[in-house]
Amino acid sequence: LASSQRLSRQHWTLLFVLGAALVIDAMKPATLGFVVPGMKAEYGIKTTSVSMLPLVALAGTTIGSLLWGILADRIGRRGAILLASILFIATSICGFMPSFGWNLFMCFIMGVSAGGMLPIVYALMTETMPSKRRGWLVVLHGGLGTVAGYLLASGLATWLEPHYTWRILWLPGLPTGLAMLVLNHWIPESPRFLLEHGRFDEAKRVMTGFGVTLTRAT
């Protein structure tokens, strides 16, 4: 195996697509802080009760990280990202939930999908980025994605919530999930996953675009 330490067009394309995934991923939990006040007022519940929302979301995130890690090794990184994107779309129904209990359930599902996206994105980056540039790229990429996600959630809350109440903040899950389904076209399958499943020719094609040459051991 021989690799180039230069960033190719494929590297930059993948960085952009995975960056968009991180922004969408960070936007989900960030939205919780903006929906809690309106939810508390509409349902007439106490602060101690509404605080269950972020707790349930974090529990879902933890479970999602474990579940998606196992799933990504079984069906591949691309397949796992597709499934997480579908769950993102499903969470947009939170804007129509009639009771707080149903919001808790969907918030848990949102946490599962968000928790699953993050480790897959980092796994793909470590498997495709040049080793000498991997450290600062992963850190910078993750930091910018998180900041942009929170800024997007804050901007949507400032723009939409005063006119359409807190419920509208769940609806961006639909277009952002659909965007991830489209962007998945530019996400290659993990070469490590392909090699582990005996798909050497596919792994070779993927890694050629990233400046890596694969050879069969003799």
Side-chain angles (χ1 to χ4, degrees), residues 1-29 60-89 111-146 148-149 176-218:
L1 183 150
S3 62
S4 169
Q5 296 302 322
R6 298 181 60 184
L7 292 174
S8 66
R9 184 179 65 179
Q10 284 82 354
H11 284 114
W12 290 112
T13 299
L14 185 61
L15 283 170
F16 172 79
V17 174
L18 295 182
L22 283 177
V23 171
I24 295 171
D25 189 66
M27 186 183 73
K28 303 299 179 180
T61 300
T62 303
I63 294 173
S65 297
L66 296 173
L67 178 64
W68 252 251
I70 297 171
L71 197 62
D73 288 333
R74 297 201 174 196
I75 68 172
R77 303 341 180 215
R78 287 191 78 222
I81 289 176
L82 277 172
L83 188 54
S85 301
I86 293 172
L87 286 181
F88 279 155
I89 295 172
V112 170
S113 59
M117 184 71 77
L118 192 63
I120 299 172
V121 167
Y122 286 138
L124 270 175
M125 287 193 66
T126 56
E127 291 169 357
T128 56
M129 294 298 134
S131 58
K132 289 186 178 180
R133 302 174 185 270
R134 189 178 301 148
W136 69 266
L137 273 175
V138 172
V139 174
L140 180 63
H141 197 253
L144 290 177
T146 301
T176 54
L178 291 173
M180 279 309 306
L181 291 179
V182 174
L183 290 172
N184 196 264
H185 174 75
W186 289 276
I187 299 177
E189 184 51 85
S190 161
R192 184 181 297 275
F193 172 82
L194 294 173
L195 289 172
E196 288 177 352
H197 288 77
R199 296 156 64 178
F200 182 85
D201 292 336
E202 292 179 62
K204 185 177 180 179
R205 284 196 297 270
V206 171
M207 295 311 294
T208 297
F210 292 106
V212 178
T213 303
L214 296 176
T215 56
R216 293 181 184 272
T218 57

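Note: hydrogens, waters and symmetry copies are ignored here, and every other heavy atom, side chains too, is used.
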Exercise for review: Determine yes or no for a side-chain-to-main-chain donor-acceptor pair under 3.5 angstrom, with W68 supplying the side chain and A80 the backbone.
Suggested key: yes
Study note, to complete from the structure: Rounding to 0.5 Å, atoms CD1 (I81) and CD1 (I75) come to a distance of 10.5 Å
**Study point:** Least distance between heavy atoms, I187 atom then V17 atom
**Key:** CG1-CG1, 3.4 Å
Check your understanding: Do V121 and D25 have side chains that get closer than 4.5 Å, going by heavy atoms?
Key -> no
Review point. Under the side-chain contact (heavy atoms from CB on, under 4.5 Å) test, which residues partner L15, sequence neighbours left out?
Key: W12, M125, M129, L137, H141
Point to revise | By side chain to side chain donor-acceptor pair (under 3.5 Å) - contacts of E189 (at least two apart) | key: none
Review point. Out of curiosity, L66 CG to T61 OG1, how far, rounded to the nearest 0.5 Å?
Key: 11.0 Å
Review point. Considering residues at least two apart in sequence or located in another chain, which fulfil the side chain to side chain donor-acceptor pair (under 3.5 Å) criterion with R199?
Key: E202
Review point. For the atom pair CD1 (I70) and OG (S65), what is the distance rounded to the nearest 0.5 Å?
Key: 11.0 Å
Sequence neighbours excluded and cut-off under 3.5 Å, please list the side-chain donor-acceptor pairs for residues 177-186, or say none.
unit_1	atom_1	unit_2	atom_2	d
N184	OD1	R78	NE	3.4
N184	OD1	R78	NH2	3.1

Check your understanding: What residues, two or more places apart in sequence or in another chain, satisfy side-chain contact (heavy atoms from CB on, under 4.5 Å) together with T176?
Key -> I24, M27, K28
Check your understanding: In chain order, what residues pass the side-chain contact (heavy atoms from CB on, under 4.5 Å) check against I63, with sequence neighbours excluded?
Key -> F108
Practice item. For A26, enumerate each residue passing the side-chain contact (heavy atoms from CB on, under 4.5 Å) test, keeping only those at least two apart in sequence or located in another chain. Key: none
Revision key, fill the gap. Closest non-hydrogen atoms of P188 and L124, given as atom of the first, atom of the second and distance, are O-CD2, 3.9 Å
Point to revise | side chain to side chain donor-acceptor pair (under 3.5 Å) against S190, all qualifying residues, sequence neighbours excluded | key: E127
